[in-house]
Amino acid sequence: MATILRKIAEQVLSRTTFSNVAMDRARDAAVDTIGCMIAGRGDESVAALTRAFDGEIAGGGEARLVTGGSASPSFAALINATAAHALDFDDNFHPARAHSSAVLVPALLAVLTRRKVTSGRRFLEAYLAGLEAQAAVGFGVNPSHYNRGWHATATVGSIGAAAGVARLLGGDEESLAAAMSLATSFACGPKGQFGTTAKPLHAGIAARNAVDAARMALAGMSGRPDILERPQGFLDLFGGDDAKGWAGRLTFEEEHIIESRGVVTKRHPCCASTHRAVDALLDLKQQHGLLAGDIARIETKVGISAARNLAYPDPTDEMQARFSMQYCLATAFLKGSLSLSDFTRQEIGRAEIREFMPRIEMQSYSADEEKGVERLPHVVTVTMRDGRILNKSRLHAKGSLEAPMSVHEREVKFLDCLRWGNRNVSGASFLQLRGLADFENLSGDDPFWNLITDRQSP
């Protein structure tokens, strides 16, 4: 009987044609992730890695770094993926409960060296293969795995990304299954690290593990092909109390998962657990012309895992602020939006924000309310000083398939990333990167990388 990993490998290799919709969405995800890499390259998490591994990344390696220079594919994946996730501005993928693109895109870029050249289209096809593999793994263990406290970006994300990298490197079905099996042995990442620099490191570790697992598999290393479902395997150890496994759930539709579910492009540079509440509050502000002085109290009701993620009601630094419902809601309401510039040591101490934050409360759904339901709306209730009570719920955040961002909104975000990454702000690189599928030769030497690393726009 075929194992789960073999079924996934067979599926992602048998899918050889992709719709224009799938390719366009993969392109959008890649461009968005590259923007996040550029913005995050100066973050302390990336700087710490650069200091820690100075000898390994001094230059002369095979793979390019978003920070400039080069390194081995393993270190390039580690650093570039950490940069992509450093500011929590990168996308989410609900089937995996992971920051899928922050792992996939840097991992795939890392294996494009002087010896390994591919086209933009094949790169995007490998991305779609890795995304489908992430979804397939995630369906068997989530949401129980995520709710148990595992950061699925570092676990499910790494396993699925290994399949995408192995496909890009020309692996067969056996190699893809082996790559995913080996990546399962690397899987780790507790959500208790949220609000620290270890959180973006999880994406870096996941990308590095995906690259290493794929390269090892193609060199002949192997693991058990039934490691997901067997006793003492991934489901048994990592699944949590309510994980259902893959029986009856491992079904592949003709429509790719990016078409049916999509990835959620982030509108706000902070934990996604805040986004639906932020969107709902901004909706109420616009609809009713709300002023801060008229508000007595703001209450939010979110999922259990979201409440656990948002562990900093009184943040002391910019990383904690990204995981603070109170800070994100107060700042979004007072300023009308959230941008990268709102998450600095100076900004989080602003008096008007600190004075507004105590009016914000957060509670979660109960376990009984969540039982058997994949997704519940996040609800914002505003109590006015004149006694009025206003409610707004959001099941989907802006940037999701159900509430997509326009091309213009994507460009505005990309330019914000360039600005934060000390790049000359111009729409030229955004437009050129949107032609990714038409690039004939992507490699470590390709002009494509100049769009990412040069400080001046081409």
Side-chain angles (χ1 to χ4, degrees), residues 40 43-46 48-49 52 77-79 81-88 90-104 106-107 134 137-138 140-162 180 182-210 212-213 227-228 232-243 270-274 302-313 315-325 362 364 367 370:
D43 188 72
E44 174 55 30
S45 59
V46 178
L49 286 176
L78 174 70
I79 291 168
T82 300
H85 193 41
L87 305 176
D88 237 290
D90 52 300
D91 65 36
N92 290 97
F93 182 50
H94 292 312
R97 293 294 196 277
H99 292 269
S100 294
S101 299
V103 178
L104 264 169
Q134 287 184 344
V137 175
V141 295
N142 281 321
S144 180
H145 171 72
Y146 186 83
N147 291 342
R148 181 67 183 86
W150 291 108
H151 189 194
T153 299
T155 55
V156 174
S158 181
I159 298 167
M180 288 186 283
L182 293 171
T184 303
S185 288
F186 299 153
C188 194
K191 289 202 298 175
Q193 296 281 29
F194 283 14
T196 74
T197 52
K199 204 259 190 176
L201 177 64
H202 287 176
I205 291 171
R208 181 188 66 186
N209 288 346
D212 288 348
I227 195 60
L228 292 187
Q232 296 186 317
F234 187 67
L235 175 65
D236 188 9
L237 298 176
F238 287 73
D241 296 336
D242 300 317
C270 50
C271 179
S273 296
T274 69
V302 301
I304 295 172
S305 63
R308 290 172 178 169
N309 292 345
L310 303 174
Y312 300 95
T316 60
D317 60 38
E318 59 270 43
M319 185 61 77
Q320 291 183 7
R322 296 185 182 104
F323 293 84
S324 171
M325 178 68 86
M362 179 177 65
S364 70
E370 287 197 352

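Using a 4.5 Å heavy-atom cutoff, the side chains of Asp90 and Ser101 are not in contact. Under the 4.5 Å side-chain criterion, counting only non-hydrogen atoms from C-beta, Met319 is in contact with Pro200. Residues Ile304 and Asn147 have side chains not in contact (no heavy-atom distance under 4.5 Å, counting atoms from C-beta outward). Two residues are said to be in side-chain contact when any heavy atoms from C-beta on lie closer than 4.5 Å; Lys191 and Asn309 meet this criterion. Residues His99 and Asp88 form a side-chain contact, since some pair of their non-hydrogen atoms from C-beta on lies under 4.5 Å apart. At least one side-chain heavy atom of Val141 sits less than 4.5 Å from a side-chain heavy atom of Leu235. The shortest distance between side-chain heavy atoms of His151 and Lys199 falls below 4.5 Å.
Between the NE2 atom of His85 and the CG atom of Asp91 there is a distance of 10.5 Å, given to the nearest 0.5 Å. To the nearest 0.5 angstrom, Cys188 atom SG is 9.5 Å from Gln193 atom CD. Atom CZ of Phe93 is separated from atom OG1 of Thr153 by 12.0 Å, given to the nearest 0.5 angstrom. For the atom pair CG (Asp43) and CG (Leu49), the distance works out to 10.0 Å, reported to the nearest 0.5 Å. Distance check: Ser273 OG to Asn92 CG gives 8.5 Å after rounding to the nearest 0.5 Å.
Taking all atoms of both residues into account, the shortest heavy-atom contact from Ala203 to Ala81 is O-CB, 3.4 Å. When every heavy atom of Ala207 is checked against every heavy atom of Ala107, the shortest pair comes out as O-CB, 3.9 Å. Smallest separation of non-hydrogen atoms from Gly140 and Ala243: O-CB, 4.0 Å. Nearest heavy-atom pair, Gly303 versus Ser364, reported as atom, atom and distance to 0.1 Å: O-CB, 3.9 Å. Between Leu310 and Met325, the shortest heavy-atom distance links the atoms CD1-CE, 3.7 Å. Closest heavy-atom contact between Leu201 and Thr82: CA-OG1, 3.9 Å.
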side-chain contact (heavy atoms from CB on, under 4.5 Å) for Arg97 and Val156? Distances and angles first, verdict last.
CA-CA 8 Å; Arg97 293 294 196 277; Val156 174; over 6 Å; no
Please walk me through it: do Phe234 and Thr155 pass side-chain contact (heavy atoms from CB on, under 4.5 Å)?
CA-CA 10 Å; Phe234 187 67; Thr155 55; 4.2 Å; yes
Going through the checks in order, is the side-chain contact (heavy atoms from CB on, under 4.5 Å) test met by Asp317 and Tyr312?
CA-CA 10 Å; Asp317 60 38; Tyr312 300 95; over 6 Å; no
Apply side-chain contact (heavy atoms from CB on, under 4.5 Å) to Arg322 and Leu87, showing your working.
CA-CA 8 Å; Arg322 296 185 182 104; Leu87 305 176; 3.2 Å; yes
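Judged purely by atom type and a 3.5 angstrom limit, Asp242 has no side-chain atom pairing as donor or acceptor with the backbone of Ser144.
Taking the ring pair (Phe, Tyr, Trp, His ring centres under 6.0 Å) definition, one finds that Phe323 meets it with Phe194, sequence neighbours left out. By the side-chain contact (heavy atoms from CB on, under 4.5 Å) test, Ala183 is found to be paired with Ser158, Ile159, Ala162, Ala213, residues two or more places apart in sequence or in another chain being considered.
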